K.L.:
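First, the structure itself, so that you have it in front of you.
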Number of protein chains: 2
Amino acid sequence: MKKNKTETEQTIQNLMEKARQHFTEYGYANVTLEEIAQEANVTRGALYHHFKNKKGLFLAVFEVVQKEIGEHVEAAAAQSNNSWQQLINGCQAYLEGAVVSQNQRILLIDGPAILGWDTFRKMDEKYSMNSLREQLQFMQERELIKPISVEAMTHCLSGAMNEAVLWISDHSDQKDVKEEVMIVLKHMLESFRNR
Amino acid sequence: MKKNKTETEQTIQNLMEKARQHFTEYGYANVTLEEIAQEANVTRGALYHHFKNKKGLFLAVFEVVQKEIGEHVEAAAAQSNNSWQQLINGCQAYLEGAVVSQNQRILLIDGPAILGWDTFRKMDEKYSMNSLREQLQFMQERELIKPISVEAMTHCLSGAMNEAVLWISDHSDQKDVKEEVMIVLKHMLESFRNR
DNA sequence: TATTTTACATACGTGCTGTACGTATGATAA
DNA sequence: TTATCATACGTACAGCACGTATGTAAAATA
């Protein structure tokens, strides 16, 4: 019984959804492909047909999560036409996006270890860091920020936010903590400002 | 053939050394306990006698690495008696310590994923973040830095440095890149300064 | 000297991954 | 219309690596 294209895509969609749930809840190492396949009502054979291996499945899920957050950030930035406000909006949106639904586990904990540093780095550069870097670059060209290495600023800010995400998601009063982080981030950004 | 106490400790020492080498070079998942045991001239039985399991061995190695860097940071800070200089020295020492001999793989990549977030966090708080937090706290009490959440500053700075470490260690011209990072860090720190 | 504890080695079971192979069904071309 | 091929799975198997149970010799202890 051959399924038509939409049903095939549905199978893939299903597998990725269940995989995402399990990876976020239990962590990559504590999840078996059998579980995922069962919940998607197929066997591991189907899974291996659509994905190269366990890592491949994780990679697919990882990309989706990163894309989601990336879009969330872009949307938040687009709500203002002031460069500084865009930057700040983007940072805040990133914090929110990464914290919700335990995304941090896939993004920041398992991601680097499972994908390997180089693969992870490429992904992170492509989706997550890129918009930040471009924004900083853009602002530096207009002399809104000091002539400091954009790369260095990007990495330091990105790192600060990632650690902040992990810290925030570990707290019950996430809202308060997030505000504290935003204050710190604003200070940091301010230190780059040309005055 | 029972070994005396020193020889026993030597066995443990040996296992941990080889384990550290393998973990840093290939990553936790790509290392088998058989390899480690063989290189230490014992069987896996000996390994399991001294360590609870693979994770336990990793944890032991992880602690050693963190302790090493922590001491390196403290020593660097102690070279000045000016609070600001101590802070900057500490940051620089941390960058250097984490970059050398691929420590980042154990510390920042595998650490969180293998130990689990909560365990990792406790370790990191205990060894790595603590001196930074205490320094910031100390300086804030003397009104050298603004009344911003010390916790938030600590996490953001720590995150910035960790990401910076990974970025630096990915570059051939580590010295130049490290200097760029230090410039950024100094700006960030400056933004916390009370003026 | 008898007994327990330590420091290993050996042997085995088990879970999970990946792979090879089988099969049914829809698409395609002669 | 039929023969052939590709797709989308399922099934069965192999192997690796972990952990555990058990054995053993030597040192510590009583």
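The chains referred to below are lettered A, B, ... by the order of the sequence lines, with proteins before strands, and numbering in each begins at 1. Here the structure is a predicted model, which means the values were calculated and not measured.
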K.L.:
Are A:Ile106 and A:Phe58 side-chain neighbours, meaning at least one heavy-atom pair lies under 4.5 Å?
P.N.:
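Result yes, sub-4.5 Å side-chain heavy-atom pair found.
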
K.L.:
What is the distance from CD of B:Glu9 to C1' of C:dC8, rounded to the nearest Å?
P.N.:
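After rounding, the reported distance stands at 16 Å.
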
K.L.:
Just to confirm, is there a sub-4.0 Å distance from OP1 or OP2 of D:dC9 to any side-chain nitrogen or oxygen of A:Thr11?
P.N.:
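A:Thr11 to D:dC9 OP1/OP2: side-chain N or O found under 4.0 Å.
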
K.L.:
Can B:Asn30 and B:Glu25 be counted as having a side-chain donor-acceptor contact under 3.5 angstrom?
P.N.:
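B:Asn30 vs B:Glu25: no donor-acceptor pair found between side chains.
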
K.L.:
Expressed in angstrom and rounded to an integer, what is the separation of A:Ile114 atom CD1 from C:dT17 atom C1'?
P.N.:
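The answer, rounded to whole Å, is 14 Å.
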
K.L.:
Strictly below 4.0 Å, N to O, side chains only: are A:Lys175 and A:Glu179 in salt-bridge contact?
P.N.:
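Result for this pair is yes, salt bridge flagged.
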
K.L.:
CG of A:Leu57 versus P of C:dT17: gap in Å, rounded?
P.N.:
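The distance from CG of A:Leu57 to P of C:dT17 comes to 11 Å, rounded to the nearest Å.
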
K.L.:
From A:Tyr48 OH over to A:Lys54 NZ, what is the distance, rounded to the nearest 0.5 angstrom?
P.N.:
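Rounded to the nearest 0.5 Å, the OH-NZ separation comes to 8.5 Å.
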
K.L.:
Can a side chain N or O of A:His50 be found less than 4.0 Å away from OP1 or OP2 on D:dC9?
P.N.:
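For A:His50, the contact criterion (side-chain N or O under 4.0 Å from OP1 or OP2 of D:dC9) is met.
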
K.L.:
Within residues 13-23 of chain B, find the residues that approach DNA chain C with a heavy atom at under 4.0 Å, and present them sorted by residue number.
P.N.:
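Nothing qualifies; none.
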
K.L.:
Starting from A:Met129, can I reach A:Leu132 by hopping between I/L/V/M/F/W/Y residues whose side chains sit under 4.5 Å apart?
P.N.:
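No; tracing contacts between hydrophobic side chains, which count when under 4.5 Å, never links both residues.
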
K.L.:
Measure from NE2 on B:His49 to P on C:dT5 and round the result to the nearest Å.
P.N.:
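To the nearest whole Å, that distance equals 13 Å.
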
K.L.:
Hydrophobic clusters here meaning ILVMFWY residues chained together by side-chain heavy-atom distances under 4.5 Å, can you tell me if B:Phe23 and B:Val100 are in one?
P.N.:
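Different clusters.
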
K.L.:
Indicate whether any N or O donor in one side chain lies under 3.5 Å from an N or O acceptor in the other, for B:Gln102 and B:Gln104.
P.N.:
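B:Gln104 and B:Gln102 do have a side-chain donor-acceptor pair below 3.5 Å.
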
K.L.:
Can a cation-pi geometry be assigned to A:Arg193 and A:Trp84, taking NZ or CZ under 6.0 Å from the six-membered ring centre and within 45° of the ring axis?
P.N.:
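Yes - A:Arg193 lies over the ring of A:Trp84, closer than 6.0 Å to its centre and within 45° of its axis.
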
K.L.:
Polar-atom pairs under 3.5 Å, protein N or O versus N or O of nucleotides 18-20 of chain D: list them with distances, or write none.
P.N.:
from: D:dC18; atom 1: OP1; to: B:Val31; atom 2: O; distance (Å): 3.4
from: D:dC18; atom 1: OP1; to: B:Lys54; atom 2: NZ; distance (Å): 3.0
from: D:dC18; atom 1: OP2; to: B:Leu33; atom 2: N; distance (Å): 3.2
from: D:dG19; atom 1: OP2; to: B:Tyr48; atom 2: OH; distance (Å): 2.7
from: D:dG19; atom 1: OP2; to: B:Lys54; atom 2: N; distance (Å): 3.2
from: D:dG19; atom 1: N7; to: B:Arg44; atom 2: NH2; distance (Å): 2.4
from: D:dG19; atom 1: O6; to: B:Arg44; atom 2: NH1; distance (Å): 3.4
from: D:dG19; atom 1: O6; to: B:Arg44; atom 2: NH2; distance (Å): 2.9

K.L.:
Give the ring-plane orientation class for A:Phe192 versus B:His187, where under 30° counts as parallel, over 60° as perpendicular and anything between as tilted.
P.N.:
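Ring orientation of A:Phe192 relative to B:His187: tilted.
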
K.L.:
Can you tell me how far P of C:dA9 sits from CD of B:Gln38, to the nearest Å?
P.N.:
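Taking CD of B:Gln38 and P of C:dA9, I get 11 Å after rounding.
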
K.L.:
Can you tell me the distance, in whole Å, between the CD atom of B:Glu7 and the P atom of C:dC8?
P.N.:
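Value for this atom pair: 9 Å.
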
